[in-house]
**Q** 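Please find one structure pasted underneath; my questions will follow.
Both ligands and their constituent atoms are indexed starting at 1 by order of listing. These numbers come from a predicted model, not from an experiment. The first residue in the sequence is number 1, and the count goes up from there.
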Amino acid sequence: MSSGEPALVYRARDLHKSYRSGEEHLRILQGLDLDLRAGEIVAVLGTSGVGKSTLLHLLGLLDSPDQGSLELEGRDLSSAGGMQRDAVRNRSIGFVFQFFHLVPELTALENVLLPARIETGLLDWLRVRGERRERARALLDQVGLGGRVRHRPAHLSGGERQRVAIARALMNEPRVLLCDEPTGNLDPETSRGVWDVLRGFRGTTRAILVVTHNEHLAADADRVLRLRGGRLVDGAAAAAV
Ligand SMILES: Nc1ncnc2c1ncn2[C@@H]1O[C@H](COP(=O)(O)OP(=O)(O)OP(=O)(O)O)[C@@H](O)[C@H]1O
Ligand SMILES: [Mg+2]
């Protein structure tokens, strides 16, 4: 790392991913490279079916590449086993999805607490739960939902659900926040609000990657990349071609 540059949080090199579909071999990612640095919000654009969600699944350790390497804060994850991958995912990576994926039976506060609960053994939980609840409440305040902590998802608007999902994704203070079309299901004004909330969570130790079809919001990112032909290319340059 050259001096003065923000720390490299996540590095992907030469990622390949194919799917078999009957006789066909779908080559989706073909030698993709990506560097994510602390403090940046990076937008990824690309046509439907090009492999954006596939990429997020690999970065989120929900799936494995056929080839290539992933390094999170200097730690090589290529050879990590299942339990290690689960621990890294829960501890260091936050997810926000298009359809929120909140647990319907739980209140907003309980949804936000869930990643902390999963990470903590029962005895430790009894010791730390007060502090964790405070953090969950503070996060809900930060996303403007301090007055909705007891609401269940069914009684929240779409934008509010997504803000709960963002608070949940941040509960364990992840180094990387991966967002797959977080505003894809929201009207333009609500989308802008959710985007602004995301931007506000850029941190000195955190990078945010947002897949979006919304070019207006993407233009507000620190960098815009376009997934094309299985690789990421500079968004501005790609738009000029
Ligand atoms: N498990 C799978 N088995 C077979 N094909 C798959 C599988 N998962 C994804 N694909 C195919 O891989 C391609 C990339 O899918 P992906 O979901 O990554 O696209 P995307 O860029 O996120 O699209 P969208 O913008 O519509 O969400 C698609 O053509 C899809 O049909
Ligand atoms: Mg997708």
Side-chain angles (χ1 to χ4, degrees), residues 10-36 40-70 72 77-78 82 85-86 89 93-102 158-159 161-166 168-169 174 176-188 190-192 194-195 197-199 207-221 223-239 241:
Y10 213 170
R11 162 177 288 188
R13 284 291 175 274
D14 198 29
L15 290 186
H16 288 256
K17 184 71 182 176
S18 298
Y19 295 112
R20 212 166 259 297
S21 168
E23 293 294 284
E24 251 194 300
H25 199 60
L26 304 170
R27 290 156 60 87
I28 306 299
L29 304 184
Q30 304 178 59
L32 179 144
D33 295 332
L34 172 67
D35 284 344
L36 289 178
E40 67 173 351
I41 182 162
V42 177
V44 173
L45 297 165
T47 52
S48 179
V50 78
K52 304 181 298 299
S53 295
T54 300
L55 171 62
L56 287 201
H57 290 163
L58 298 186
L59 294 175
L61 309 180
L62 296 167
D63 199 358
S64 299
D66 302 329
Q67 185 187 317
S69 65
L70 293 168
L72 184 61
L77 299 174
S78 313
R85 289 164 64 89
D86 291 348
R89 188 186 314 114
I93 302 173
F95 293 96
V96 179
F97 301 99
Q98 180 177 356
F99 295 106
F100 325 127
H101 294 306
L102 298 175
R161 286 180 210 178
Q162 195 58 302
R163 284 185 277 148
V164 173
I166 292 170
R168 178 184 58 183
V176 188
L177 191 58
L178 302 173
C179 310
D180 199 351
E181 297 188 43
T183 65
N185 211 30
L186 304 173
D187 65 73
T190 310
S191 295
R192 167 58 63 182
V194 164
W195 178 262
V197 165
L198 279 175
R199 277 174 58 96
I208 303 179
L209 185 69
V210 187
V211 164
T212 180
H213 286 288
N214 189 323
E215 303 253 358
H216 293 296
L217 296 182
D220 248 15
R223 282 197 290 148
V224 182
L225 301 172
R226 206 170 281 271
L227 184 51
R228 179 181 284 177
R231 294 177 188 214
L232 288 170
V233 293
D234 181 83
V241 173

**Q** Give me the nearest non-hydrogen protein atom to atom 23 (O) of ligand 1 as residue plus atom name, then the distance to 0.1 Å.
**A**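 Its nearest protein heavy-atom neighbour is Gly49 N, 2.8 Å.
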**Q** Just which atoms of ligand 1 are under 4.0 Å from any heavy atom in His213?
**A** 25 (O)
**Q** Determine whether more than 12 heavy atoms belonging to other residues, nucleotides or ligands lie under 6.0 Å from atom CZ of Arg13.
**A** yes
**Q** Does Gly46 come within less than 4.0 Å of ligand 1, judged by its heavy atoms?
**A**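 Gly46 does not count as a contact of ligand 1 under the 4.0 Å cut-off.
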**Q** Can you confirm whether something in the protein, heavy atoms only, sits under 4.0 Å from atom 30 (C) of ligand 1?
**A** no
**Q** Please write down residue, atom name and distance for the protein heavy atom closest to atom 6 (C) of ligand 1.
**A** Tyr19 CD1, 3.3 Å
**Q** Report yes or no: does Ser53 have an N/O/S atom closer than 2.8 Å to the Mg ion (ligand 2)?
**A**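 A backbone or side-chain N, O or S atom of Ser53 is under 2.8 Å from the Mg ion (ligand 2).
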**Q** Please verify whether a non-hydrogen atom of His57 lies at under 4.0 Å from ligand 1.
**A**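 It does not; every heavy atom stays at 4.0 Å or beyond.
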**Q** Ser53 heavy atoms, cut-off 4.0 Å: which ligand 1 atoms fall inside?
**A**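 Checking each atom against Ser53, I get 17 (O), 18 (O), 20 (P), 22 (O).
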**Q** Just to verify, what does His16 make a ring-ring contact (aromatic ring centres under 6.0 Å, His included) with, not counting sequence neighbours?
**A**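 So His16 forms no ring-ring contact (aromatic ring centres under 6.0 Å, His included) with any residue.
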**Q** Walk me through whether Asp35 and Arg223 qualify under salt bridge (Lys or Arg N to Asp or Glu O under 4.0 Å).
**A** CA-CA 11 Å; Asp35 284 344; Arg223 282 197 290 148; over 6 Å; no
**Q** Classify the contact between Thr54 and ligand 1 as side chain, backbone, both or neither, using a heavy-atom distance cut-off of under 4.0 Å.
**A** both
